[in-house]
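These figures come from a predicted structure and were not determined experimentally.
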Amino acid sequence: MWTAIAQHIAAKTGTAFTIVDRRSVGGGCINQAYQVSDGSQSYFLKLNQASQVAMFEAEALGLKDMYDSQTIRVPKPICWGTVDGSAYIALEWLELGGGSESWGRMGKDLAAMHRVTHEKGFGWHQTNTIGATPQPNPWTATWLEFYREHRLRHQFRLAGRRGGRFPRQHELLMALPDLLAGHDPAPALVHGDLWSGNAAVTKDSEPVILDPATYYGDREVDIAMTELFGRFPAAFYEAYNAAYPLDAGYKTRKTLYNLYHILNHFTLFGGSYESQANRMIDQLLR
C-alpha cells in the first residue's frame, strides 16, 4: 500500500518519492493520519476505508478551490485514491506552531476569500461531508431556499432518524423568511467547518485553514462557527470587520447558522446536543 501511495505522489508532483519514514500524527476522530517522508520531503496522509474515497475527493477539490483563490493559505492537495481496501488523501505538509500575532492576518485573508463568488448561486458541484455526515450542495438560486432545504431540513431529517425530537422544527422552517428578512448575501466561497480545530498558524507565522466542508454560501456561516466552540482571538474579528464588515442582524443569524452544526453533532454523537438545539430553536422563535 505505502509503495503505491508513494508512486502516486511522485506521479502527481513529478518528483521521485519513496517513503522511508512514517509517523502517526493527529488527524481528527474520523481518519488515521500520518506524516510520510523520504528524508527531505514530507506529506500529510489520511487513511480511511475504501468506501470513503468520495469524502477525500471532496476534501481535495474543496481545498483546491480555496488554494486557487490565492487568498488564504490551505494545504495544497496532492492526490487521492484507493489501494488495498483503503482510501487515502495526500496533502502538502505544513509545519504548524506560529505565534498568535497572525490571527489578524487570518481575519483579513478570510475576508478576501469570502469575496470570491460563483455565478451559479449557492451550493457546490458535488456532495461533500460535514464531519462524517453527507452534506448536499445542489446549486440553488436563493440563500433562503438553500439553507432551509439543504442545511436545516436535511439535518432535522437525519437527527430524527437518530431519535431526536425537535417539536418546533416546522415552526422554525416556516419562520426562516422572517429570520432572514432584509439579508441578501452573495454566494461566497466558505470553509464550511471553521472551528478552532481547523484553523492554525505555521511556524513561519502564516495563518492556515484545514479540513474544509467547502461550498458557496452566506459568508457569515464561517464567522458564526468561529464563535461556537470558543471564539477566535479578538484580532481575527477586528481585522475581518475592517476588511469586510458584517451585516446588521448577524447576532441572530449566528444562532441560526450554528444550529446546523449542533444538529449535526447530535446526529454524530447524540447526548445533550438535542437539548442544546431545542434551546437555540426557542431562542430564535421568541
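L176 CG to R148 CZ: the interatomic distance, rounded to the nearest 0.5 Å, is 7.0 Å. Distance check, rounded to the nearest 0.5 Å: CD of Q155 to CD of Q169 gives 11.5 Å. Going from atom OG1 of T13 over to atom CD of Q41 covers 8.0 Å, rounded to the nearest 0.5 Å. One distance of note links CG of L263 with CD of E274; it measures 10.0 Å at 0.5 Å rounding. To the nearest 0.5 Å, the span separating CZ on F236 from OG1 on T226 amounts to 5.0 Å. With values rounded to the nearest 0.5 angstrom, D68 atom CG is found 9.0 Å from K76 atom NZ.
Contact check for L94 versus E206: no side-chain heavy atoms found under the 4.5 Å cut-off. Counting only heavy atoms from C-beta outward, the side chains of Q276 and H265 never approach each other to under 4.5 Å. Contact check for N137 versus F146: side-chain heavy atoms found under the 4.5 Å cut-off. By the 4.5 Å heavy-atom criterion applied to side chains, E59 and W80 are not counted as neighbours. L144 places a side-chain heavy atom less than 4.5 Å from the side chain of P177. The closest side-chain heavy-atom distance from F122 to Y147 is not below 4.5 Å. Proximity of T129 to Q52: side-chain heavy atoms (C-beta onward) are nowhere separated by under 4.5 Å. The shortest distance between side-chain heavy atoms of L284 and T252 falls below 4.5 Å.
In this structure, S37 contributes its side chain and G39 its backbone to a donor-acceptor pair below 3.5 Å. Checking side-chain atoms of Q135 against main-chain N and O of A213 turns up a donor-acceptor pair under 3.5 Å. Judged by distance alone, with hydrogens and angles left aside, the side-chain atoms of N264 form no donor-acceptor pair with the main-chain N or O of T133 at under 3.5 Å. Side chain of S102 to main chain of S205: a donor-acceptor pair is present (N/O by atom type, distance under 3.5 Å, no hydrogens or angles). Here the side chain of N241 pairs a donor or acceptor atom with the backbone of L246 at under 3.5 angstrom. Side-chain N or O atoms of N48 include none that pairs as donor or acceptor with a backbone N or O of K46 at under 3.5 Å. When atom types are taken as modelled, the side chain of N278 and the backbone of R165 share a donor-acceptor pair closer than 3.5 angstrom. In this structure, R73 contributes its side chain and T202 its backbone to no donor-acceptor pair below 3.5 Å. Between the side chain of R162 and the backbone N or O of T267 there is at least one donor-acceptor pair closer than 3.5 Å. For S40 (side chain) and D38 (main-chain N/O), no donor-acceptor pair under 3.5 Å exists by modelled atom type.
Looking at D65 and T214, their side chains never bring a donor and an acceptor atom within 3.5 Å of each other. With hydrogens and angles left out, the side-chain atoms of D222 and H114 include a donor and acceptor closer than 3.5 Å. Between D218 and Y257, the side chains place a donor N or O and an acceptor N or O closer than 3.5 Å (distance only, hydrogens not considered). There is no side-chain donor-acceptor pair under 3.5 Å between W124 and Q126. Between Q35 and S42, the side chains place a donor N or O and an acceptor N or O closer than 3.5 Å (distance only, hydrogens not considered).
Scanning both residues, P187 and G121, for their nearest heavy atoms gives CB-O, 3.2 Å. Between N258 and M280, the shortest heavy-atom distance links the atoms C-CE, 3.6 Å. Taking every heavy atom of both residues into account, L179 and R253 meet most closely at O-CG, 4.3 Å. Contact detail for P75 and L210: the closest heavy-atom pair is CD-CD2, 3.7 Å. Among all heavy-atom pairs drawn from P136 and T127, the shortest one is CA-OG1, 3.8 Å. Minimum heavy-atom separation, G192 to M225: O-SD, 4.5 Å.
Two different hydrophobic clusters hold M174 and L152 under the rule that ILVMFWY side chains link at heavy-atom gaps under 4.5 Å. There is no path of hydrophobic side-chain contacts, each under 4.5 Å, that joins V20 to V25. Under the 4.5 Å side-chain heavy-atom criterion for ILVMFWY residues, a single connected hydrophobic cluster contains both Y260 and F269.
Crowding of D247 atom CG: a count of heavy atoms from other residues, nucleotides or ligands under 6.0 Å exceeding 12. Counting heavy-atom neighbours within 6.0 Å of K254 NZ, excluding the residue itself, gives a total above 12. Residue Y244 places its OH atom among more than 12 non-hydrogen atoms of other residues, nucleotides or ligands, all under 6.0 Å distant.
F17 belongs to a hydrophobic cluster whose other members, connected by ILVMFWY side-chain contacts under 4.5 Å either directly or through intermediates, are M1, W2, I5, I9, I19, Y34, V36, Y43, L45, L47, I78, V83, Y88.
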Would you check, one step at a time, whether the test side chain to side chain contact (heavy atoms under 4.5 Å, CB included) holds for M55 with I89? CA-CA 10 Å; M55 175 180 70; I89 181 173; over 6 Å; no

Residue pair L189, M66: steps toward the side chain to side chain contact (heavy atoms under 4.5 Å, CB included) verdict: CA-CA 8 Å; L189 178 61; M66 293 192 291; 4.2 Å; yes

Show, in sequence, the C-alpha distance, side-chain angles and deciding distance for L158 and R153, and conclude whether the side chain to side chain contact (heavy atoms under 4.5 Å, CB included) test is met. CA-CA 9 Å; L158 295 178; R153 197 186 301 277; over 6 Å; no

What do the steps show when you test I130 against H261 for side chain to side chain contact (heavy atoms under 4.5 Å, CB included), and what is the final call? CA-CA 9 Å; I130 180 74; H261 297 291; 3.9 Å; yes

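Residues satisfying the ring-ring contact (aromatic ring centres under 6.0 Å, His included) criterion with H154, sequence neighbours excluded, are absent altogether. The salt bridge (Lys or Arg N to Asp or Glu O under 4.0 Å) test applied to D109 returns R105, not counting sequence neighbours.
If you look at H150 and Y215, their ring centroids are not closer than 6.0 Å.
Between Y237 and F232, the ring planes lie tilted relative to each other; the angle falls in the 30° to 60° range. Ring pair F266/F166 is perpendicular by interplanar angle, where above 60° counts as perpendicular and below 30° as parallel.
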